[in-house]
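The structure under discussion appears below in the form of structure tokens.
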Amino acid sequence: MAAVELFSHPALHTRYRAGLCSAAALALLLVTLLTYVPPLLVAYRSHGFWLKQSSYLEQPTVRFRYELLLVATTGPSPGSFLAWSTFPAFNRLQGERLRVPLLSRMSTFVMQSMAFLQYFSPVPGSQLYMNGDLKLKQRQLLNYYGLDTRYNVSLVNGTSPFASDYDLTNIVAAYWDRNVTTVFSDPTPLWMAGRATDTPFIINATIHYPVEVILYPLKTA
């Protein structure tokens, strides 16, 4: 009958054996498996199995801090250079070597605007067609950098229980109090006369968004 050696002591010439199907042999097999298999599984699942070097991909988040230090060499001597920076203390140290450049930076302006359409006709009609441009109107200069969201709010307070908040007079008046607005320009209204009593009245408006000229102040720091 096949047997497995469980323990031996050479000095005492003592050996303990058990059959392959005995409880002692199964216990020895289980202990051997638990000694070697779990560490191998852990090393494999953690991607550390014979791993010497590793890498991964990541997209960095970059934000420009609007800080700049510029030094332009104009000759071989130590003092032959022109400089400028966004740090006032550095600029004061340059003396006659200071040159203030013209910087170009873009800002982001976000707002909720309105296209106001209005038309009157004494003749009954079936359709009103308008086609025009929604143009930007500035009463003040926009910021030359950063994010401007001061007008990114709804023109109508949809949660208000008061009828005055839905009055067109109040809505238009509050809108024109803004320093930056949009105007529906050159709508070219067309009034289609004649309509049966069982047909709906149709308003067909096409709004174009042209390229705008943005006015902003010149700043260098």
Side-chain angles (χ1 to χ4, degrees), residues 43-117 130-158 170-188 205-221:
Y44 178 77
R45 293 294 298 175
S46 61
H47 306 285
F49 195 64
W50 294 323
L51 186 65
K52 299 298 183 181
Q53 182 177 348
S54 181
S55 63
Y56 68 98
L57 300 178
E58 182 177 352
Q59 178 65 47
T61 300
V62 181
R63 293 183 178 89
F64 183 41
R65 293 178 54 86
Y66 299 100
E67 294 180 351
L68 174 66
L69 193 150
L70 174 65
V71 177
T73 302
T74 59
S77 60
S80 300
F81 67 90
L82 301 176
W84 178 84
S85 76
T86 56
F87 307 101
F90 174 83
N91 293 340
R92 288 192 294 268
L93 296 175
Q94 304 313 308
E96 296 181 353
R97 293 187 294 267
L98 178 65
R99 296 293 186 273
V100 180
L102 177 62
L103 298 182
S104 176
R105 297 189 289 188
M106 301 295 292
S107 66
T108 301
F109 181 75
V110 182
M111 79 167 182
Q112 298 187 31
S113 64
M114 177 175 63
F116 185 73
L117 285 69
M130 288 189 175
N131 191 322
D133 295 335
L134 191 65
K135 294 186 176 181
L136 185 69
K137 182 178 180 181
Q138 295 181 233
R139 290 198 186 103
Q140 68 174 191
L141 303 179
L142 297 181
N143 295 328
Y144 68 101
Y145 74 96
L147 177 63
D148 191 343
T149 59
R150 53 185 153 156
Y151 297 135
N152 190 24
V153 293
S154 177
L155 301 172
V156 180
N157 185 5
N170 296 331
I171 294 175
V172 174
Y175 182 67
W176 285 112
D177 284 340
R178 294 181 173 186
N179 290 319
V180 183
T181 56
T182 55
V183 179
F184 190 51
S185 179
D186 301 325
T188 315
T206 301
I207 301 177
H208 302 276
Y209 305 95
V211 176
E212 297 286 354
V213 177
I214 308 299
L215 303 178
Y216 62 95
L218 292 178
K219 295 291 184 180
T220 59

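These values consider heavy atoms only, across backbone and side chains, with no hydrogens, waters or symmetry-generated copies.
- The side-chain heavy atoms of Leu68 and Trp84, taken from C-beta on, include a pair separated by under 4.5 Å.
- In terms of the side chain to side chain contact (heavy atoms under 4.5 Å, CB included) criterion, residue partners of Glu212 (sequence neighbours excluded) are, by chain and number, Lys135, Leu136, Pro210, Ile214.
- For the side chain to side chain donor-acceptor pair (under 3.5 Å) test, residues two or more places apart in sequence or in another chain that qualify with Thr182 are Ser113, Tyr175.
- Shown here for Val71 and Phe81, the closest heavy-atom pair between the two residues is CG1-CD1, 4.0 Å.
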Intermediate values then yes/no, side-chain contact (heavy atoms from CB on, under 4.5 Å), Asn131 and His208 | CA-CA 8 Å; Asn131 191 322; His208 302 276; 2.8 Å; yes
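- For the atom pair Leu69 CG and Thr86 OG1, the distance stands at 7.5 Å (nearest 0.5 Å).
- To the nearest 0.5 Å, atoms CD1 (Ile171) and CG (Asn157) are separated by 9.5 Å.
- Qualifying side chain to side chain contact (heavy atoms under 4.5 Å, CB included) partners for Asp186, counting only residues two or more places apart in sequence or in other chains: none.
- Residues Gln94 and Ala83 approach most closely at OE1-CB, 3.9 Å, considering heavy atoms.
- Sequence neighbours left out, the pairs with a member in residues 68-78 that pass side-chain hydrogen bond (donor to acceptor under 3.5 Å, both in side chains) are Ser77-Ser80.
- Partners of Thr108 by side chain to side chain donor-acceptor pair (under 3.5 Å), not counting sequence neighbours: none found.
- For Ala72, the side chain to side chain contact (heavy atoms under 4.5 Å, CB included) test picks out no residue, with sequence neighbours left out.
- Annotation: side chain to side chain contact (heavy atoms under 4.5 Å, CB included) contacts of Ala205 (sequence neighbours excluded): Leu117.
- Within the model, atoms CH2 of Trp176 and CZ of Phe116 stand 10.0 Å from one another, a figure rounded to the nearest 0.5 Å.
- Leu134 approaches Phe184 most closely through the heavy-atom pair CD1-N, 4.0 Å.
- How far CE of Met130 is from CD1 of Ile207: 10.5 Å, rounded to the nearest 0.5 Å.
- Every residue was checked against the side chain to side chain donor-acceptor pair (under 3.5 Å) condition with Asn179, not counting sequence neighbours, and none meets it.
- When every heavy atom of Val213 is checked against every heavy atom of Gln138, the shortest pair comes out as O-OE1, 3.8 Å.
- Minimum interatomic distance between Ser154 and Gln112 (heavy atoms only, all atoms of both residues): CA-OE1, 3.3 Å.
- Pairs of residues two or more places apart, or lying in two chains, that qualify as salt bridge (Lys or Arg N to Asp or Glu O under 4.0 Å) and include a residue from residues 136-149 are Asp148-Arg150.
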